[in-house]
Amino acid sequence: GVTVHDHVVLCAGRGTAGLAAVLGMTIPVEQAAHVRVTFEVSEPAPRPVPTFQDGSGAFGETGVYASPYPDPRHYAVGLSEVTPALAEGAVADPDELAALADRAVAYVRRALPGLRADPVEH
């Protein structure tokens, strides 16, 4: 026999709307981009460095997340704020994305003295 279900969960990232369209479904999808910037650690820590989220606003930003790389020399810092992206994945306003990256760098300068403030990767 055939089993019929009332609901379907479809998770295909940017391809979700296109995959749904093949099934005759329309799913409202809003594309957006956020920035994550990689910094070098000034001196590798003797023990693992934690992943954290900062929503305090104490250093001028809320919605900051950060995590160490698997190697002890790099740390990634991002803002949860987003900028619109086009359906094909291009950023609608590259200057706005660059401004978010600049804000992440400024946050690192204020809040994370153990990182070199010049990013090595975006």
Side-chain angles (χ1 to χ4, degrees):
V2 175
T3 303
V4 177
H5 297 277
D6 294 331
H7 297 77
V8 173
V9 175
L10 179 62
C11 301
R14 269 192 318 186
T16 300
L19 186 56
V22 171
L23 301 172
M25 300 168 57
T26 301
I27 296 178
V29 174
E30 184 177 316
Q31 300 286 344
H34 71 99
V35 67
R36 188 175 102 159
V37 186
T38 301
F39 299 89
E40 284 183 313
V41 175
S42 297
E43 292 186 30
R47 57 187 171 274
V49 181
T51 296
F52 76 89
Q53 293 183 322
D54 179 5
S56 71
F59 298 100
E61 295 288 346
T62 59
V64 177
Y65 67 92
S67 62
Y69 271 49
D71 73 69
R73 299 178 322 243
H74 296 94
Y75 206 74
V77 178
L79 303 180
S80 62
E81 194 170 327
V82 298
T83 184
L86 306 175
E88 67 275 2
V91 176
D93 185 350
D95 290 338
E96 188 175 342
L97 188 64
L100 291 174
D102 290 344
R103 286 172 47 197
V105 171
Y107 175 86
V108 166
R109 286 192 173 118
R110 289 187 302 268
L112 300 172
L115 301 180
R116 293 191 177 120
D118 295 321
V120 296
E121 188 174 63
H122 288 73

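Nearest heavy atoms, Val35 versus Tyr65: O-OH, 3.9 Å. Here the closest heavy-atom approach between residue Thr83 and residue Asp93 is recorded as OG1-O, 4.3 Å. Across all their heavy atoms, Thr62 and Ser80 have their closest contact at O-OG, 4.4 Å. Closest non-hydrogen pair, Pro50 versus Pro68, comes out as O-CD, 3.8 Å. Between Tyr107 and Val77, the closest heavy-atom pair is CD2-CG1, 4.2 Å. Closest approach of Ser42 and Pro113 over heavy atoms only: OG-O, 4.0 Å.
By the criterion of side-chain heavy atoms lying less than 4.5 angstrom apart, applied directly or through intervening Ile, Leu, Val, Met, Phe, Trp or Tyr residues, Leu79 is not grouped with Val120; the two fall into different hydrophobic clusters.
Contacts of Arg116 classified as salt bridge (Lys or Arg N to Asp or Glu O under 4.0 Å), with partners at least two apart in sequence or in another chain: Glu40. In this structure, the salt bridge (Lys or Arg N to Asp or Glu O under 4.0 Å) partners of Asp118, at least two apart in sequence or on a different chain, are Arg109.
Environment of CZ in Arg110: crowded, with over 12 heavy atoms of neighbouring residues, nucleotides or ligands closer than 6.0 Å.
Below 30°, between 30° and 60°, or above 60°: for Tyr69 and His74 the angle between ring planes is between 30° and 60°, a tilted geometry.
Contact of the Arg73 side chain with the Val41 side chain is not registered, since no non-hydrogen atoms from C-beta on lie closer than 4.5 Å. For the pair Val64/Phe59, no side-chain contact is recorded, criterion being any heavy-atom separation below 4.5 Å from C-beta on.
With Leu100 as reference, Glu81 is the one residue of His34, Glu81, His122 to meet the side chain to side chain contact (heavy atoms under 4.5 Å, CB included) rule.
Thr38 places no side-chain N or O within donor-acceptor distance of the main-chain N or O of Ala76, the cut-off being under 3.5 Å.
Once rounded to the nearest 0.5 Å, the distance linking OH of Tyr75 with CG of Leu112 reads 7.0 Å.
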